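Here's the structure, in structure tokens; my notes come after.
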Amino acid sequence: MNYDFTEIEAKWQEYWAKNQTFKAENNSDKEKFYVLDMFPYPSGAGLHVGHPLGYIASDIYARYKRHKGFNVLHPMGYDSFGLPAEQYAIQTGQHPAITTETNIARYRDQLDKIGFSFDWSREVRTSTPQYYKWTQWIFIQLFNSWYNNDTNKAEDIATLTALFEKEGNATVNAVCDEDIIVFTAEEWNAFDTKKQQELLLQYRLTYLADTEVNWCPGLGTVLANDEIVNGVSERGGHPVIRKKMTQWSMRISAYAQRLLDDLTTVDWPQPLKDSQTNWIGRSQGASVTFQILPPTPSKGEGATPGYMTGGNNAHLLLERAKEMRNNPTEAEAILWERLKGKNIGDKFRRQHLIADFIVDFVCLSKKLIVEVDGAIHEEQKEADQSRTDVLNARGFKVVRFTNEQVIGDLDAVLNNIITELSNSKEVPPSGVRGIDVFTTRPDTIFGVSFMTLAPEHELVAKITTPEQKAEVEAYIEATAKRSERERMADVKTISGAFTGAYAEHPFTKEPVPIWIGDYVLAGYGTGAVMAVPCGDQRDYDFAKKFNIAIPNVFEGVDISEEAHADKDKTVIANSDFLNGLPYKKAMKLAIYELEKIGQGKGKINYRLRDAVFSRQRYWGEPFPVYYVDGMPQMIDAKHLPIALPEVEKYLPTETGEPPLGNATVWAWDTVSNQVVDNSKINNTTVWPLELNTMPGWAGSSFYFNRYMDPNNTEAIFSEEAINYWQDVDLYIGGSEHATGHLLYARFWQKFLFDKGVVPKNEFAKKLINQGMITGTSAFVYGFGPGFSVNVSNKEDLQKYSEVLEMKKYVISKESYENAVKGDYDIVVKNIITNRIKDFASVGLVAELDSSFDGTFLPVRVDVKYLIGTTDVLDIERLKEDPLFSFLKKAEFKLNSDDEYIVGREVEKMSKSKYNVVSPDSICVGYGADSLRLYEMFLGPLEQSKPWNTAGITGTHGFLKKLWRLYVDDNGIKVTDTEASKDNLKTLHKTIKKVEEDIENFSFNTSVSTFMIAVNELSAQKCTSREVLEALVILVSPYAPHIAEELWSKLGHTNSISTAPFPKFEASHLVESSKEYPVSFNGKMRFKLELPMDFTKDQIEEVVMAHEKTIQQLAGRTPKKVIIVPGKIINIVG
RNA sequence: GCUCGAGUGGCGGAAUUGGUAGACGCGCUGGAUUCAAAAUCCAGUUCCUCUGGAGUGUGGGUUCGAUUCCCACCUCGAGUACCA
């Protein structure tokens, strides 16, 4: 009986499916064990052999744990919302749900063929309403929560409103927006509902806000930071620009510290932890306020600061303002005649830039804006209102007059303006406000010799002096033009400009010049730094470039060449009260002193930003949100799920709204509590629904919990289920999820933990990153058109290309390698000669052009055209493939065996490199068990390693050998004969090693161990049931099909999957003698068999008398003899 | 640049607390079996100036003894990108 893997594997896969062998019970007396694979996105390309690597490892572990008596949860499902299906839908019109369904079916088919022990009754898909009902549910929970810093956890929003009602927000210690206003309980209670909702949004854990987002025009959506790689989108590689949009955000920053701290409590790979630590980017230091000095007469000629009030786009609007000034309307002209100079007591300016608006007239000292409008339309009113709001926010009062008023009754208008002017208080110069900076080195505060603001900093326009205005504006314009990518790529060029303004050093009271420079990022900290050139290389370089002083505040440190950024062993000098103190003490004291004068305090800063949660896409979870007067409202959880609506097309609408804007049935009826036709929107009971959808990471941030009770329709999961399964014991997946999925999932888990929904603060105890399997591409080496030919007319040119077309050559790798070195072998020389003859035959004079480097060209061919597992190319089949039609006429130069051997090179496995090997073809040729063993055998799980199909004959051969140990031509040959000592020794050695290996996730070495065991037992001609029955259980996690088959042949009627793992007994490994290695000066020279119970002295006696020892020593007397009984003998001398 | 990981035969890799470097497999070579091939089995396979010697990226160190520990450097891979 031969090992017929095809039949065996089909048989057992059917058996497992039919008997639900791997169904996990939520009620069990057994100890639980949860093994999880990272959620796959079912892509259209299907699996290649690299994908199942992690699945095989986790499956082995899951099966092992079942043998060890655990109740194992080992589920699988699909993260099925996502961009590729939607992109495909846009191109073809095919509904993404259909594409997704097809892809999943293919995935499932491939997975089934590898024999995984998944509990398929628990399968989930993020794109089904039954699943995303709970994604929406969690979103609502986040909306209804705020983060209380005092209790250090998320709490229901009701506890916050209760506080507001009682004592306002002054005493609330919450994670919230930066720009909150302070209000009392009375004020809160007096606010209307809309105002209250607005204020609450600043506290909610998911909130709607205007945020600078990464907008990707190519994909028509915003992207999270982790979805951008090198300044372009991760998917598709489209450019990304910064844009301000109203978006849902997740207040993940509230959890920054806990996400960092709890990394120490999980057993995850260090590089992964490092990358999260990095991403969170905690830095401890102080925030320090520098007062801005009023301009001194010598510097500013008495000019009042605060003249520059433009916003970020000032440089673009200035031209327009000039133009408008030159072309005033009639009413504007009349009014300006009366306002200009100081005709009515205060100085007015016209067509002045404030924020991003050009206002008609402004009195800066009184912060009064006068606007003259033409005919007023309804829409214009709305726009004007929002403009007024912005200006009000900047402290300006806006009065409006119509053209008619100005022309008709100018005096009344002027009186009105004079009244407003007298009402408004004198505005203090902006100099009294300070610049806030964050620094990690408050100990070096006496080394500050300048300050640098980001060019985008809002203060820049306010403090720049008239003298410096032109330079500063030119610089801002120049940096604005540089794209984000350029700025990132070029960190060497130091640039900046002086604002002309000065700040006051908090301790020395010395003036500190304020510069702007693009090495300061607007998005980090406060967008401003106190520059300490002696202690920071960037500040140092900047100071050198612009000739700014570099005071040294370090004792005994030379800073003539570069800054001294070291903290340890640094002693502070030239720093008043900090003199002589080491770094840590100086830091504490500096903060203490800053606090004393009210100009600073200790602060911890995080790089982690709140996560943008809106996507302008169709194929994602809809938000359970509708809008009343522009304020978002949650739909009650009992009406979930809010199903994704049907749309005509999957593109943004003509007005630029997200694809859901195309839906005609997408409004919320608050009476019937259902989604209704848009035509019913009446803004009283029927309201518009949210048009954005959720990002890809929403559904994958809690799926591991949903698997515990995936079909529950009443709750996200039952309490019994979550309390039994608790968390994931082993999580296996790729390292590419380090800062995306794994950070967001931890965030949601902590939130759900705070809310008492889950019992564990972290969802996965142990995590392993499996390495990549790379492909081995196949190359042939073409001989290109490296000839210079005298071509004088069109006809010649025609002939020239005909000759080139007529014959193409593919040379061997050796010929190629020599040829590129300029060393032409006989084959190449012949080709050249023939080629020249060919040209001559049509009357052309040709000559080899050795300077042309495309003469010899490696070309990738598909690895499926290699014969068997060899490197021999099947030229005929290759030539039939239209993809390789360019080789159709090529003449392949064969070797002496009449074969063409391709060159191989290791590269990433990808379709475009023609090196993809699919698991299906391996299963057909060698079987799933061979594939499983081979994937493990390739090398350590965590490392990346190249795939080479040829090697699979090794594990396949092993399985055949294993089979023959149990079965011969007459069937099963196992007997009840007693096991020999050697049999037991081999068995128990194997049990010990395999158990240790699995526990250490060292699967490659246990495959070797099996091979050794089978080799030994075959040599011993072992037929003992006792030994062979144990062996088949050991092998079963790795090669489950053959194990089941042999198990049943051994007479068992149940599945092997829960058979108890054999118990290791050390007694079988006890040896009576040891073959000692005898070394001389640490080099092993010969071996010596000695009894185990020999003492050191006995060993020394025998060894010293040994003839080989005498020969080695050649008369010398050893200085020392090291003997470690049971280990080694080393003779020194 | 910074952080992390890795460098061992022709190839994938093994060596558990510092104790026989190259297990196991691929490939290759030779042999057996066969009309022949496949399959299977047996033997060999780190290198060299080969009764000996050298050798785990390079150079140094600690040790009786180093792939393993320490220092410096080189190469490759991954992550990150002016984070104050």
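Scope of the values below: all heavy atoms of this structure, side chains included, with no hydrogens, waters or symmetry mates. Just so we're clear, the structure is a prediction, and the values are computed from it rather than from any experiment. Residue numbers start from 1 in every chain, and the chains themselves are labelled A, B, ... in the order their sequence lines are given, proteins ahead of strands.
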Remember a base hit wins even if backbone is also touched, and classify [X] as base, sugar-phosphate or nothing at under 4.0 Å, heavy atoms.
X: Val529(A); answer: base
X: Arg964(A); answer: sugar-phosphate
X: Thr1009(A); answer: nothing
X: Asn1000(A); answer: nothing

Determine the interatomic distance between [atom1] on [N] and the same-named atom on [M]; round to the nearest Å.
N: C35(B); M: C28(B); atom1: P; answer: 25 Å
N: U58(B); M: C11(B); atom1: P; answer: 15 Å
N: C50(B); M: U45(B); atom1: C1'; answer: 16 Å
N: U63(B); M: U17(B); atom1: C1'; answer: 16 Å
N: U56(B); M: U46(B); atom1: C1'; answer: 11 Å
N: C82(B); M: G77(B); atom1: P; answer: 23 Å

- Integer-rounded Å distance: G13(B) C1' and Asn948(A) CG: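 One finds 13 Å between C1' of G13(B) and CG of Asn948(A), rounded.
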Between the protein and nucleotides 42-53 of chain B, list the N/O to N/O atom pairs that are separated by less than 3.5 angstrom.
none

* Under-4.0 Å side-chain N/O to phosphate OP1/OP2 contact, Ser283(A) with A84(B) -> yes
### side-chain N/O Asn278(A) vs C4(B) OP1/OP2, d < 4.0 Å
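Checking C4(B) against Asn278(A), no side-chain N or O comes under 4.0 Å of OP1 or OP2.
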Listing for RNA chain B: consecutive Watson-Crick or G-U pair runs of at least 3, distance cutoff 3.5 Å, ranges ordered by first number, gives B:1-7 with B:74-80, B:10-12 with B:24-26, B:27-32 with B:40-45, B:46-48 with B:52-54, B:57-61 with B:69-73
**Prompt:** Hey, does Thr570(A) have a side-chain heavy atom less than 4.5 Å from the side chain of Thr444(A)?
**Reply:** no
Contact check, side chains of Val529(A) and Asp536(A), non-hydrogen atoms, under 4.5 Å: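 Val529(A) does not reach Asp536(A) side chain to side chain.
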* Are the charged groups of Glu996(A) and Lys992(A) less than 4.0 angstrom apart, N to O? -> yes
Tabulated below should be each protein N or O lying under 3.5 Å from an N or O of nucleotides 18-22 of chain B; please produce it.
unit_1	atom_1	unit_2	atom_2	d
U20(B)	O2	Lys1087(A)	NZ	2.9

